[in-house]
Each structure stands twice: as C-alpha cells, then as structure tokens.
Amino acid sequence: MATRVSTATNALSPELQHERIFRVMVESVRDYAIFLLDPTGVVASWNPGAQRLKQYTADEIIGQHFSVFYPEKEIANRKPDYELKVAAQVGRFEDENWRIRKDGSRFWANVVITRITDERGKLLGFGKITRDLTERRAAEQRYRLLVDSVRDYSLFSLDANGYVTSWNSGAQRIKGYTAEEIIGQHFSKFYTPEDAEAGMPERVLKTARETGHFEGEGWRVRKDGTRFWSSIVVTPILDEEGRLAGFSKVTRDITDRKKLMDELQRHTAELEVQVAERERTNAELEAFSYSVSHDLRAPLRAIEGFASALQEDYGANLDPGAHDYLQQIMKASARMNRLVRDLLEYGRLARIELSSQRIPVQPLVQKLIEENFSGQDIAVEADASLVVFGHEPTLAQILVNLISNGVKFQKPGVAPQVRITATSQFGHSVKISVTDNGIGIQAHHLARLFKVFERLHGIEEYPGTGIGLAIVKRGSERMGGRCGVESKPGEGSTFWVELPQAN
Ligand code: ADP
C-alpha cells in the first residue's frame, strides 16, 4: 500500500516529522500486527494489521493485558510475563508458537518483542510484531508428513560436513536407527569399513558439491551391522546466496534386485558355458559325421559296383530269390548313397565361404523349373525386377528342395500344383514362397521339420532322406535370411525363404 504523508507534515520539527511518517507506515501495514505494550504488558497502540490478525478493534483491546492473546496453558505457565522479562533484560524476545484470536481460534505466530527505553535507559514499554505463519507451518507440516510417510525410501539431510540433520521413517526402516539415535552423527557410519577407509563418503559429498549431483549403488551397513545393497542419490542444498547449506540424500534398499541381477548374471554365465560347450560338441559331431560320410563313400561305391557286376555277370544264373536279394542290396545302397550325399552337402554348407552376389529371382526360378521340373504344373508369380543378395548355388538348391517337396508330398491320385511367388518386404527383403496343393502338415509338427532326419512319413509312402529342409534352413540363415512354413493338413503347405533385397 502506498504511504502518503500530507504536506502539512513538512511544518513539523524533523523529529516529529519522523514519528509521523513512522506511524503512517505502521498504520498501513496489514500483514503484521504491530503494537505497543506499556511496561506491564497492557496494550497501548494497535494497527490495522493487528486488527486483521487478532480480530480486536483498537477500542476493544487498548488497555487490556496482552496475555489475552495466549493459550490458557501458556498463561498458567506465566509465559507472557516471562517473555516481557527476557525482552526487558536482553532487549529482544523471539518466539514461534500458538496464539489466540478474539473468536478463540488459534493461529501459529512468529512473535518479536522489543524493549523500548528512553535516553536514560528507563523502560517505556515494548514494541510487539506478530506474523501469522499458520499457512507456512501447515505447508511445512504437510511436507514433513509426506517425507515421513515415504517408507520405501530413506530420505534424510546432512549438514555441509556430512552430519545427519533430519531422518524420515523410511530411513529408520531401512537403516534401523531412530531419528534420536542418528541425528548429529556423521553419515560415514552407513558405509562399510572398507569404503569408509577408502574415503568413499568424502568422495560422494565432493562429487555432489562439484557437479550438483551424485548417483550410485553400493553396499551400506545397517545399525545391526548387516549389509544391504543400496541405490543412492545425493543432492547439495544451497542457501539463498548460493552457499552450501547441506545435502539431501535418498537411499533405496535394492538388495533383492541386486540378488536377482547377480543370480541372472550367474545364470547367463552358466548358460554361456553350456552354449559354448554345445557349440563345441556340435562342431565335433559335425566334423565326425562329415568325415564318416566321406569315408563311407568308398565302401559304398564298392558295394554298388560289385552288386551291378554280380547282376551283369551272373544275373542269368541267379534264381528269383537270389535276384530279389540282390535288388534289395542295390536299393539300399542307392538310398545310402543319397543319404551320404545329402549329409555331405549339409556339412559342406556349414564350412564353405558363401560369397554373396546379386541374384534376379524370376530368371533363376524359371531356369530351375526348366532344368528339373519340366512338364510339371508349376506357376511363377514374381516381379521380374526383384533381385536378392545371396549365394546362387545355395539358393538354387533351397528352391529345388522346396519345389521337389511340393511336388512329392501329394495326396494319391491328385495332380501336384505348385505356385511360386516372390514379394518385396518393405524394400528390405524378398520373400520367395512355394505353395503346393499337397497333404499339408499338422501344426504341432511344423517346428521340427527343419531339423536333420525329421520326417513325418515312412520311406515306402514318400521317399526321402529328411535332410532337405535342414539344408533349406542352414542355407537361408547363412545367406543372412530366414525360412518358415504355414500349412493346414489336407489343404497344402507354403514354405518360404526370405533373403536380403538388392536394389
Ligand atoms: P525329405 O523330403 O527328404 O523327407 P525334408 O527335410 O525335405 O526331407 O522334409 C522333411 C519332412 O517334412 C518330410 O519328410 C515331410 O514329412 C515334411 N514335408 C516337407 N515338405 C512338405 C510339403 N510340401 N508338404 C507336406 N509335408 C512336407
């Protein structure tokens, strides 16, 4: 509120002029109760702020003793007299406490009582300034309650040197100390002796001071000596002038999480060992099967060669029984030959370098059909411009395997129909699908078909080695792609490979 002093004031002596100005000022203050007491504590003046705060008008209160503003208990304890006595002796008394309004309601007041004396030091009375801090106190209390209701976090503050200055219930729960036990103690108490020795607490405060923040995890010690793994955030608290006033510290007990992480890490390490072990065994097994297949070829050739020689040279002399046996030997060795050939191919796919080149899809598919499936009902629907990155002989082998299966796994008496499509997948890859009208596959078998020797049918029903799809999988993965299948029993199947698109 603007304070106006009438020009008439100018006619007064400087002293009176000052007094007048001062009175106008006091009169204009509304947020503070400012009034005078005589030496015995009787109210002698009253400003609008006092009326607003305490509800008495000047007429009502002037002449009354100021103890009417005190709660009964304080009056019984002679608090008003005590306050005046202290102010009279030391010049000033300050207090924060409950005071009473005219209607009996309470407010939280900050009170300053100042002694007033004449030039010779004789007590003339007291000046009293009262401020209503009820709202601030409520806000502080709400904040304190909030901090205290947090039970999962330990929230506390330190002074600038690291001594504990406040403590919430979460801190008590996590660390085991009550506020009375810990306030005033140095926070290095929470560290393990090793960390304390190594200067960790000082480093934490230094980092927080210098960078405005410290965050970390580590072992801390509870009152009972047990340890817990904690996550910590320390923030410096600065006063209005930017000087360090202390630190706030938030700690969380994450021992359970740490245990879980450790367990996970242990598990992962174990798994890695197992995987490495398996990879080694697989590689050994593969090398073994490769060399066995390789070594089997020579005796196999001998069996096949001698069986044909027997047939050619002595066939005419053999009775039908011996003839039949010979046929069985030749059939079995041919089958074994196919198996060895496929196994060698499968093994070779793991070890050879597959150089990548651009392969236009449609021309390759057309060529494969002409060379291997002439006369079959095979339709191709592929954009002529689609080009993939891959190893051409491997892709050719994959497609031949898939088309052969599409033609082979057919219901008796039904003419095979195969459709090959190629579509771009968002410009990143090309999906080549081979769809047939064959017998289809039950859903629960789908996952295992791509493994070596997995077959769903007897040799008599549908011939094969059970290696074709394993080659499809290994080949497509080695070219940086993938493969899959969708099928319904009785309704045909779609096998697909997806390879990187070359633009
Ligand atoms: P093979 O064809 O030599 O038996 P594959 O590895 O190519 O071996 O296929 C494995 C098995 O998957 C086959 O034995 C068959 O049971 C099933 N299968 C593969 N392709 C088809 C298809 N198009 N339709 C139905 N079943 C199929």
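Numbers here are sequence positions counted from 1. Quick note: numbers below take in every heavy atom, side chains included, and nothing from hydrogens, waters or symmetry partners. Counting starts at 1 for both ligands and their atoms, following the listed order.
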Taking [atom] as the reference point, the nearest protein heavy atom with its distance:
{"atom": "atom 12 (O) of ligand 1", "answer": "Leu449 CD2, 3.3 Å"}
{"atom": "atom 19 (C) of ligand 1", "answer": "Asn405 ND2, 3.5 Å"}
{"atom": "atom 13 (C) of ligand 1", "answer": "Phe409 CZ, 3.4 Å"}

With a 4.0 Å heavy-atom cut-off (strictly under), which part of [X] contacts ligand 1: side chain, backbone, both or neither?
{"X": "Phe495", "answer": "side chain"}
{"X": "Leu469", "answer": "both"}
{"X": "Asp436", "answer": "side chain"}

(Q) Please enumerate all residues that pass salt bridge (Lys or Arg N to Asp or Glu O under 4.0 Å) together with Glu279, with sequence neighbours excluded. (A) none

Do [X] and [Y] come within less than 4.5 Å of each other through their side chains, counting heavy atoms only?
{"X": "Ile441", "Y": "Phe495", "answer": "yes"}
{"X": "Leu310", "Y": "Ile329", "answer": "no"}
{"X": "Arg478", "Y": "Leu349", "answer": "no"}

Would you mind running through ligand 1 and noting each atom that sits below 4.0 Å from a heavy atom of [X]?
{"X": "Leu456", "value": "14 (O), 16 (O)"}
{"X": "Glu454", "value": "10 (C), 11 (C)"}
{"X": "Lys408", "value": "1 (P), 2 (O), 3 (O)"}
{"X": "Gly464", "value": "3 (O)"}
{"X": "Ile467", "value": "6 (O), 8 (O)"}
{"X": "Arg455", "value": "1 (P), 4 (O), 14 (O)"}
{"X": "Ile441", "value": "25 (C), 26 (N), 27 (C)"}
{"X": "Ser493", "value": "24 (N)"}

Q | Parallel, tilted or perpendicular: rings of Trp98 and Trp108 (30°, 60°) | A | perpendicular

Q | Aromatic plane relationship, Trp167 with Tyr177 - under 30° parallel, 30 to 60° tilted, over 60° perpendicular | A | perpendicular

Q. Just how far is it from atom OG1 of Thr394 to atom CG of Leu499, taken to the nearest 0.5 Å?
A. 10.0 Å

Q) If you round to the nearest 0.5 Å, how far is CZ of Phe453 from CG of Asp342? A) 9.0 Å

**Q.** Lys249 to Phe187 six-membered ring, cation-pi geometry met (6.0 Å, 45°)
**A.** no

(Q) Closer than 3.5 angstrom, by distance alone: can the side chain of Arg222 be matched with the main-chain N or O of Phe190 as a donor-acceptor pair? (A)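 Here the side-chain-to-backbone pair does not exist.
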
Q) Can you tell which of Gly438, Gly468, Gly466, Ala470 gets a heavy atom nearest to atom 1 (P) of ligand 1? A) Gly466

Q) Would Asn401 count as a contact of ligand 1 if the rule is a heavy atom under 4.0 Å away? A) no

